[in-house]
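Some notes on the structure that comes next.
One-based numbering, in listed order, for ligands and for the atoms of each. This one's a predicted model, so the numbers in the text were calculated from it and none came from an experiment.
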Amino acid sequence: MRVGVFDSGIGGEAIATTLRQLLLGAEIITINDHKHMPYGDRKPDEIIQLTKNSIIPLIKMDCDAIIIACNTATTVAITSLRQTFPNENFIGIEPMIKPASKITKTNRIAVCATPGTLKSEKYYELKNIWAKNITVIEPDCSKWAELIENGKSEEVDINTVVKMLLNKNVDVIVLGCTHFHWIKDRIIKAAGHSVKVLEPSDAIASRTKSLII
Ligand code: DGL
């Protein structure tokens, strides 16, 4: 079994790490587009085109499934990818608003994501379906992915953002960018026990397993 994983950068490696632990025996191939990252600041047309170009090698490798391990590329481009490559088995990653909406007790959640994700139609749809009666706070994380990509994650000002979210009584923080998985432990530490931090690695691994085994 061969699974392709695409992200603009090192976010895909975070997802691949979990896949390798849970899909023993599967061949996990990661591919990125470091040269053009961050995708989050780009226009939708560019994100769609860059994503299509980047995944060609995975398509040529005949993957059983291709995981778009990038919230930005999924929310902006997955519909177009499915139209262009109808024979591929795409698995997308989008902000976990649905699970967050089910567990929040304060009815206030935060989504940390790129500007591209936050501006996408798919993200609006998600909020419309699952968070109609919930306050969704979207802190400015626009510089985070690039800092993490370039090995400067210690420069991400987690404490200021988390403190602001705690002041607003948020009890669930959704990591809506796979780059942020690399700073998850620091976010959990800053947020404390009363806040849940959600990211989809385990869910994606289970879904992949169920789809291709
Ligand atoms: N890792 C990507 C995501 O999940 C974003 C990084 C970027 O802006 O290129 O959205």
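The main-chain N or O of Lys168 is found under 3.5 Å from a side-chain atom of Arg108 such that the two form a donor-acceptor pair. Without hydrogens or angle criteria, Trp182 side chain to Ile10 main chain gives a donor-acceptor distance under 3.5 Å. With hydrogens and angles disregarded, no donor-acceptor distance shorter than 3.5 Å links the side chain of Glu149 to the backbone of Met37. Counting only distance, with no hydrogens or angles, the side chain of Asn32 and the backbone of Gly9 share no donor-acceptor pair below 3.5 Å. Proximity of a side-chain donor or acceptor of Thr74 to a complementary backbone N or O of Gly92 within less than 3.5 Å is not detected. Although no hydrogens or angles enter the test, the distance criterion places no donor-acceptor pair under 3.5 Å between the side chain of Asp33 and the main chain of Ser54.
Atom 6 (C) of ligand 1 has as its closest protein heavy atom Ser8 OG, 3.3 Å. Taking atom 7 (C) of ligand 1 as the reference point, the nearest protein heavy-atom neighbour is Tyr39 N, 3.3 Å. Ranking protein heavy atoms by distance to atom 1 (N) of ligand 1, first place goes to His179 ND1, 2.8 Å. Here the heavy atom of the protein found nearest to atom 8 (O) of ligand 1 is Gly40 N, 2.9 Å.
Considering each of Asn32, Thr72, Ile68, the one bringing a non-hydrogen atom nearest atom 10 (O) of ligand 1 is Thr72.
Not a single heavy atom of Gly9 sits closer than 4.0 Å to an atom of ligand 1.
In terms of polar-atom proximity, Thr114 is not counted as a contact of ligand 1, lacking any N or O under 3.5 Å from an N or O of the ligand. By the 3.5 Å distance cut-off applied to N or O atoms, Thr117 is not counted among the residues near ligand 1.
Salt bridge status for Lys127 with Glu138: present, with a side-chain N to carboxylate O gap under 4.0 Å.
Under 4.0 Å from ligand 1, heavy atoms of Pro38 appear from its side chain as well as its backbone. The proximity of Asn71 to ligand 1, defined as any non-hydrogen pair under 4.0 Å, involves the side chain as well as the backbone.
By the 4.5 Å heavy-atom criterion applied to side chains, Cys112 and Pro139 are counted as neighbours.
Near Asp7, meaning under 4.0 Å from one of its heavy atoms, ligand 1 places the atoms 1 (N), 2 (C). Listed by number with element, the atoms of ligand 1 under 4.0 Å from a non-hydrogen atom of Met37 are 6 (C), 7 (C), 9 (O).
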